[in-house]
Amino acid sequence: MSAPLLAVEGLSLQIDSENGIVRALDQVSFSVAEGETYALVGESGCGKSMTALSLMRLLPPGGAITRGNVILDGRDLCRISEADMRRVRGAGMAMIFQEPGTSLNAVLTVGQQIGEVLAIHRGLRGKAAAQEAISLLRQVGIPDPQRRLGEYPFQFSGGMKQRVMIAMALAGEPRLLIADEPTTALDVTIQAQVLEVMSKLQRERGMAMILITHDLGVVARVAQRIGVMYAGHLIEEAPRERFFAHPAHPYSRKLFAALPEGHRERGMLATIPGSVPPLTTVFTGCRFAERCDSAWQRCHGEPPAWHDAGPQQRVRCHLFDPDETMQAASDSELAVHAARDTSVGSSGNLLEVRDLKVHFPITSGVFRRVVGQVRAVDGLDLEIAAGRTLALVGESGCGKTTVGKAILRLIEPSGGVTRLDGENVASFAGARLRAMRASMQ
């Protein structure tokens, strides 16, 4: 059997913080083969993004890899110089970061930023680089890519900026792509397109991919193997079909129980009580024990080892210890609480929006004359009663975020009326406007 493209062996990361030593990763081991997609799932704070940053050696202040190896194509990245590591980033492995707004350079055009990757890792400059950048933007679903190459990140919506990040990551033709929540800011239509693009490029190039996500639907679509993380530990590993048919760890089962489904449109979602423990904790037993319905005395006093849970499936849990004679309550389900009426007894609407318009001028020429208007929002009506939730959905660039900013008057509307609790928001100014924003955020 050939060696994997990436082998992570006993990786541990500690961060020196004012609250003590944060053990962000503890003995994390997994491998990824060429052409394979390996998904890391789990709650926020479980160590998924820290795993990705450690592989890239992009550590936070005070962070240090205390043990372990990261072997990419037979080369241990923990043992090479920073100069060599810079050559690995972008070509050997590349990363799509979770926050494109803070990852893109605000004072460089999109074309300059993609061009930098093309020049460093592929030697493309001038017209050849521009043509390749246009092709990359087109592949990730950005319309009119030639014009948008000359624009700055602030001129792109959140979803558009995420697509630019994906194009930049693919520009160096990496052998391993690390995608940290790559479709979080995208609507479902563009999400499907981007996932298809990534899968297509992966097949063509034989590229491996580590997908970090909380979206099990995305995992089911693109991943071949899944690793579940909790509190800096990898606690379960399984092929996709096995994981979705028979999740083994109690935490994995609770993740599935918490998924919103159509039949739960009335009533409360199943939840996991408590939260991920702080990683400054010195753990003596299972890290999930305090939140686990199946935990007993051994779980609190002894850390679990890895055990087989099925074909190519392993789990870090005492319930699967073959020497354990106690009948595990591993098949118990979370009780779904009875629905509670959360509506407030008010007959009127808390917020009313009538004929809201936000138009941005298009200017041209030396004197910046207005030659047209971008109608970002054009005649929107909505109302929300107290205690209710209104979902505003649509593709990236449809104006959803602009609506929110206009209601708060972070962007001044071009027309329409917004009333909060019966008062016209347009009449607020100064201290009164600031006070209004404290109750409408």
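Sequential numbering from 1 along the given sequence is applied to the chain's residues.
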Quick one: salt bridge (charged side-chain N to carboxylate O under 4.0 Å, His left out) pairs with a partner in residues 166-177, sequence neighbours left out? Glu34-Arg175, Asp73-Arg175, Arg122-Glu173
Listed partners of Tyr152 passing ring-ring contact (aromatic ring centres under 6.0 Å, His included), at least two apart: none
For Glu236 and Arg314, indicate whether the former's side chain and the latter's backbone hold a donor-acceptor pair under 3.5 Å. no
Residues at least two apart in sequence or cross-chain that pass side-chain contact (heavy atoms from CB on, under 4.5 Å) with Asp16, listed by chain then number, are Ile21
Atom pair CG (Asp378) and OG (Ser414), whose distance is rounded to the nearest 0.5 Å: 9.0 Å
Regarding Lys200 and Glu204, does a basic nitrogen lie under 4.0 Å from an acidic carboxylate oxygen? yes
Listed by chain and number, what are the ring-ring contact (aromatic ring centres under 6.0 Å, His included) partners of Phe156, not counting sequence neighbours? none
Note: Glu9-Arg67 ion pair, threshold 4.0 Å (strictly below): no
Suppose we call two aromatic rings close when their centres sit under 6.0 Å apart. Are Phe288 and Phe283 close by that rule? no
Tell me, please, which residues at least two apart from Leu433 pass side-chain contact (heavy atoms from CB on, under 4.5 Å). Arg409, Phe428, Met436, Arg437
I'd like to know if the side chain of Ser31 reaches the main chain of Pro4, judged simply by a donor and an acceptor atom lying under 3.5 Å from each other, with no hydrogens or angles considered. no
Would you call Asp293-Lys254 a salt bridge at under 4.0 Å N-O? yes
Would you please say whether a donor-acceptor pair under 3.5 Å links the side chains of Arg242 and Gln313? yes
Pair Asp84 + Arg87: basic N to acidic O under 4.0 Å: yes
Suppose the criterion is side chain to side chain donor-acceptor pair (under 3.5 Å): which pairs have a residue in residues 100-112, not counting sequence neighbours? Thr109-Gln112
Is Arg57 salt-bridged to Glu82, going by a charged N under 4.0 Å from an acidic O? yes
